[in-house]
Amino acid sequence: MYTQCPQCLTIYRVEEKDLAAAHGHGRCNHCDSVFDMLATLTSQLPLESIEHLPAHVAQADPPVLGAPVLRPQSARAELPAAAASTPRGARRGTLPTFARSHRTPSRGNRGWLVASAVLLLTLGAQIAWSQRANWIDDGRVRNLLEPLCAKLHCQLPLRHDIASLELLSRDIQPHPSVHDALIISATLRNDAPFAQAWPTVEVALSDLDDKPIAMRRFLPRDYLADARAINQGIAAGASSSLVFEVVDPGHNAVAFEFRFE
């Protein structure tokens, strides 16, 4: 919509929110005068040359609005008793469906609720399954699962507790039968009060400046040949000697380090 400043004749485009916020009044950005924007308000500009927008003729009495769209229920309750009363036998009007305050859930809505609940349960199960290793290693959860698994005749995977693995000794020497190879040996002890799975062992070789030269990760099957020993894990309080064969990276390798995963 458009309106015109009566002082400097500048025409502005206005929005409904601007009219409502200032009750129809506005300040001209050119001459700084305050004027009634409703006086020349129009929905479109004339096609011919514009000098003055036509001003609306003020009416002595406000116009009566005769095309109602909707009467909210709260407004109906505030009507005077004489106006709100309905003669006996007259038919009362009903509110449209979108204006009713209480609606009975349809079958489609109930179906969406059920589907949403199923999706949430499925998502929770997937998250729990992806974190199953952490749950199984938790002692409190383990105490609940072991009696249940005994009744179902199943076997839980071995626990992992890297902090309870103690490296007692380690050594490195040239391979007696393979050229340009090294043999690294270590003695490992399980200080946990339960049997746990064999760890993944990372062996890193470095120079005098602690700069890594070579690194290799060994899975249990890489340093244990007995599959039954792998399945049984390291017994509580037990010690075991581990042997690793690696390629000799050269004379610069003067230090080595073990890490367990």
Side-chain angles (χ1 to χ4, degrees), residues 122-261:
T122 304
L123 178 61
Q126 290 177 348
I127 294 175
W129 178 256
S130 64
Q131 299 294 325
R132 62 188 183 278
N134 296 332
W135 290 108
I136 291 175
D137 289 339
D138 191 310
R140 294 169 296 181
V141 178
R142 188 86 179 194
N143 293 335
L144 297 176
L145 293 179
E146 285 179 348
L148 178 62
C149 197
K151 293 181 181 180
L152 298 177
H153 302 288
C154 61
Q155 185 176 1
L156 293 174
L158 291 171
R159 294 176 61 175
H160 293 78
D161 187 6
I162 301 302
S164 298
L165 295 177
E166 182 71 19
L167 185 63
L168 301 179
S169 63
R170 59 180 184 171
D171 187 26
I172 183 171
Q173 55 184 337
H175 200 289
S177 59
V178 179
H179 182 64
D180 291 335
L182 300 174
I183 290 183
I184 300 176
S185 59
T187 302
L188 183 67
R189 185 179 65 198
N190 178 22
D191 291 337
F194 50 81
Q196 64 170 305
W198 294 95
T200 297
V201 181
E202 179 183 296
V203 180
L205 302 175
S206 58
D207 58 13
L208 287 173
D209 298 326
D210 291 334
K211 181 180 178 181
I213 297 178
M215 186 272 291
R216 182 178 173 184
R217 299 172 72 250
F218 295 88
L219 299 176
R221 64 173 179 267
D222 296 328
Y223 58 85
L224 292 176
D226 189 353
R228 184 174 59 179
I230 296 177
N231 295 331
Q232 292 177 350
I234 314 174
S239 300
S240 180
S241 298
L242 310 180
V243 178
F244 308 94
E245 296 181 352
V246 298
V247 177
D248 188 353
H251 298 292
N252 291 334
V254 296
F256 64 101
E257 183 180 4
F258 282 88
R259 297 188 184 94
F260 303 129
E261 299 177 5

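Model, not experiment: these values are computed from the prediction. Nothing fancy with the numbering, it's 1 onward along the sequence.
A donor-acceptor contact shorter than 3.5 Å links the side chain of Asn190 to the backbone of Ala192. In this structure a side-chain-to-backbone donor-acceptor pair under 3.5 Å is present from Gln196 to Asp161.
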Please table the atom pairs, donor to acceptor, closer than 3.5 Å between any side-chain atom in residues 229-247 and protein atoms at least two apart or in another chain.
{"residue": "Asn231", "atom": "ND2", "partner": "Ala227", "partner atom": "O", "Å": "3.2"}
{"residue": "Glu245", "atom": "OE2", "partner": "His175", "partner atom": "NE2", "Å": "3.2"}

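Looking at Leu188 and Phe260, their side chains come closer than 4.5 Å, going by heavy atoms from C-beta outward. The shortest side-chain heavy-atom distance between Thr200 and Glu202 does not fall under the 4.5 Å cut-off.
For the side-chain hydrogen bond (donor to acceptor under 3.5 Å, both in side chains) test, no residue two or more places apart in sequence or in another chain qualifies with Asp248. Remark: Ala197 engages Leu158, His160 in a side chain to side chain contact (heavy atoms under 4.5 Å, CB included) (not counting sequence neighbours). By the side-chain hydrogen bond (donor to acceptor under 3.5 Å, both in side chains) test, Arg216 is found to be paired with no residue, residues two or more places apart in sequence or in another chain being considered. Residues that satisfy the side chain to side chain contact (heavy atoms under 4.5 Å, CB included) test with Pro249, not counting sequence neighbours, are Leu182, Leu205, Ile213, Ala214, Ala253.
Residues Tyr223 and Leu219 approach most closely at CD2-O, 3.2 Å, considering heavy atoms. In plain terms, the two heavy atoms of Arg217 and Asp222 that are nearest each other are O-OD2, 4.2 Å. Residues Ala186 and Phe258 share a closest heavy-atom pair of CB-CZ, 3.7 Å.
The pair Arg259-Glu257 meets the salt-bridge criterion, with a side-chain N (NZ, NE, NH1 or NH2) lying under 4.0 Å from an Asp/Glu carboxylate O.
Screening residues 184-210 for ring pair (Phe, Tyr, Trp, His ring centres under 6.0 Å), with sequence neighbours left out, gives no hits.
A cation-pi arrangement is present between Arg170 and Phe256 under the rule of less than 6.0 angstrom and at most 45 degrees off the ring axis.
We find the OG-CE distance between Ser206 and Met215 to be 12.5 Å, quoted to the nearest 0.5 Å.
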